[in-house]
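One structure is given here, and the rest of the page talks about it.
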Amino acid sequence: MKGVDHLAHERNKTEFDVDAMKIVWAGSRHAFELSDRMARLVASDPAFQKDGRTRLGRKELFKNTLRKAAHAWKRILELRLTEEEAGWLRNFVDEPSFTDLHWGMFIPAIKGQGTDEQQQKWLPLAYKMQIIGCYAQTELGHGSNVQGLETTATFDPETDEFVIHSPTLTSSKWWPGGLGKVSTHAIVYARLITNGQEHGVHGFIVQLRSLDDHMPLPGITMGDIGMKFGNGAYNTMDNGVLTFDHIRIPRNQMLMRVLRVTREGKCVQSNVPRQLIYGTMVFVRQTIVADASTALSRAVCIATRYSAVRRQFGSQDGGMETQVIDYKTQQSRLFPLLASAYAFRFVGEWLKWLYTDVTQRLQANDFSTLPEAHACTAGLKSLTTTATADAIEECRKLCGGHGYLCASGLPELFAVYVPACTYEGDNVVLLLQHIADRKRSLYRIQGKREEKKLEVARFLMKTVSQLGSGKKPVGTTAYLGQVQDLLQCCCDVQTAEDWLKPSVVLEAFEARSARMCVARAQNLSKFENPEDGFAELSADLVEAAVAHCQLIVVSKRKEEPDLTPAMARDESDHHNKDEGFIDKLQQDIPGKGVNQQLQNLCYIYALNLLHKYLGDFLSTGCITPKQASLANDQLRSLYSQIRPNAIALVDAFNYTDHYLGSVLGRYDGNVYPKLYEEAWKDPLNDSVVPDGYHEYVHPMLKQQLRNARL
């Protein structure tokens, strides 16, 4: 029998078709139906329950994770799930484990960097989980700077083998998930040395543990690196340490899709374009942006539902107190986060289109759009992960003291998510990828990974520097083609309602970004040495990168791939179907009231950014103080319009209570009885008098500490 829905009165206020919004959020009816089916399958299986995870000790926690991973694989086989269905099932199990790296990094690395022969040998084993792999790149001494890795792979022509070795303590592989206790194999990244010459960092398939007794192979030392931040959280993952003492592997276990080492030890470039592998990076970052919208939406769902349940102050004549969600201060902090969740979702959908487009072009040897794709995905990865980590913490605070309880789900959600700000590139460094075109000598000094990390900042400055050459900016920088107009335009907002005009919002964001880019480029030109200028102005360049990336989120939407053969398209056709995200919302979106709610959310996202970064808009002369005040007036109006629909907008995420993992965010709003019930499950409450009372507390109370055994 179903319980009482304590949020029914909120859901009765809804002004739009929630089921239609669920499909919009999922991206398609197919995606909605598949994800909904897998979510309910996991939620209904007692083997996947998450209760008490934060109370477990590390060994028990890890063993429980292994059990769930094994049960998930068993169900995948029993139900004969497709690869897509299996991916959703693992996602809804909602527990970081070795399988994340096996399916998410090990297999893609072999597919992307292995030859056809290598794929035929290793992929069937990996797909059947007959071997379990991880991705061993990061070392104790080097993370982002891949070219600084110290592990070596020296070719021995006498035996036709590579000798894998860790020459220093800092060359120890450090952090790879799944490495510590589970993985049998790894893609190990090491410095390739043949005939006494180095040839950069390359990947090698290395067996780590026996397939019989799971013991490390001779010459290999490995283990777990220890507890991480938070209870439960990422401590379900065996992030590991690994060292090699002159381990030998066959020559054919070097991933040789791009570079091949012959029997004689010669390095031969294959006919496969190196850039084709870089498309994987676009895919990984696109996935990270999609994950940001998921994590943020989970936190917002919890905070929104609890804000509607919680009542504080405002009682008159003994009546009910005011719902926390009705306070404007709560709305001004919560609703922009709700809007951000939707905005990040849609820019993630657009990135899927971008990945498809780039992949098609790369396969046709068209590399023209790759620099922009790298810059764009690097910037959006940085922007969305930073905003999401901050937003989860803000949602915790929006839930008051109860948000600090593990039962709220927010502490663990934060602890699991926050590493996203540093993996796949530190976020501040990634933003610097957008700004300056530095000399190749600097690239050689800093290495390919750092070249990538300078791309976001570099790309913008390069685009600005080419404006006078007649080369037309395309894609996300197309607006810079009207830079003269954007430098001179004046915002014509006269009333608060004018801020609901798409052209007004887009012009303000384009003018802000263009003026900041031009100003930074002018300042850079004053330095004789570009490297000195870049170092000195890096903080300013980051600000310009942020402005550009925020413009992308405001203006981009999901696109259908252009199936025209890439070679038949002109470079100017890149993103030729791009429309402003806000413009997209002027179209007919199915479902009563859905379009209006999305418009409200998008304007909240844009105008809240304008408010938050008001200094940029005022200092560049994009708007006046009066217009800024009108934008705030419009924001308050939008909050009022969102208010009756807030619960329904988070219901549209379609998260089960199992996946949400929060007493505060329960669908039925029955928070207080469940929170009280949850408290008694703590091990401290197993006994009325705590262990240690008689040894330590009783002597204090009786003034007998001198005789106590401490």
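Worth saying up front: this structure is predicted, and the values here are computed from it rather than measured.
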Task: Centroid-centroid under 6.0 Å between Phe48 and His71 rings - done: yes

TODO: Measure centre to centre between the rings of Tyr655 and Phe92, then say whether the value is under 6.0 Å.
DONE: no

Task: With sequence neighbours excluded, residues passing side chain to side chain contact (heavy atoms under 4.5 Å, CB included) with Asp51 - done: Gln49, Lys681

Open item on the list: In the structure I gave you, are the side-chain heavy atoms of Ile187 and Phe106 within less than 4.5 Å of one another anywhere?
Closed with: yes

- [ ] For the pair Lys50 (side chain) and Tyr659 (backbone), establish whether a donor and an acceptor sit closer than 3.5 Å, ignoring hydrogens and angles.
- [x] yes

Open item on the list: For Pro108 versus Trp103, what's the shortest heavy-atom pair and its separation?
Closed with: CD-O, 3.3 Å

Open item on the list: We want to know whether His185 and Gln253 form a side-chain donor-acceptor pair, criterion being a heavy-atom distance below 3.5 angstrom.
Closed with: no

TODO: Output all residues satisfying side chain to side chain contact (heavy atoms under 4.5 Å, CB included) with Thr14, sequence neighbours left out; order by chain, then residue number.
DONE: Phe16, Val18, Asn645, Ala648

Open item on the list: Which residues pass the ring pair (Phe, Tyr, Trp, His ring centres under 6.0 Å) test with Tyr667, not counting sequence neighbours?
Closed with: none

Open item on the list: Could you check whether any side-chain N or O of Glu412 sits under 3.5 Å from a backbone N or O of Ala233, counting only pairs where one atom can act as donor and the other as acceptor?
Closed with: yes

TODO: Starting from the C-alpha separation in whole Å, work towards a yes-or-no answer on side chain to side chain contact (heavy atoms under 4.5 Å, CB included) for Thr236 and Phe62.
DONE: CA-CA 5 Å; Thr236 57; Phe62 185 66; 5.9 Å; no

Open item on the list: Checking the side chain of Asp238 only, and the main-chain atoms of Lys181 only, is there a donor and an acceptor separated by less than 3.5 Å?
Closed with: yes

Task: Stepwise salt bridge (charged side-chain N to carboxylate O under 4.0 Å, His left out) check, Arg305 with Asp651 - done: CA-CA 9 Å; Arg305 286 176 177 169; Asp651 285 350; 2.8 Å; yes

Name each donor-acceptor pair under 3.5 Å that joins a side chain in residues 120-131 to protein atoms two or more places apart or in another chain, with its distance.
none

Task: Non-neighbouring partners of Arg209 that pass salt bridge (charged side-chain N to carboxylate O under 4.0 Å, His left out), sequence neighbours left out - done: none

- [ ] Could you note down all residue pairs passing side-chain hydrogen bond (donor to acceptor under 3.5 Å, both in side chains) where residues 215-234 supplies at least one of them, sequence neighbours left out?
- [x] Arg58-Asp224, Lys228-Asn239

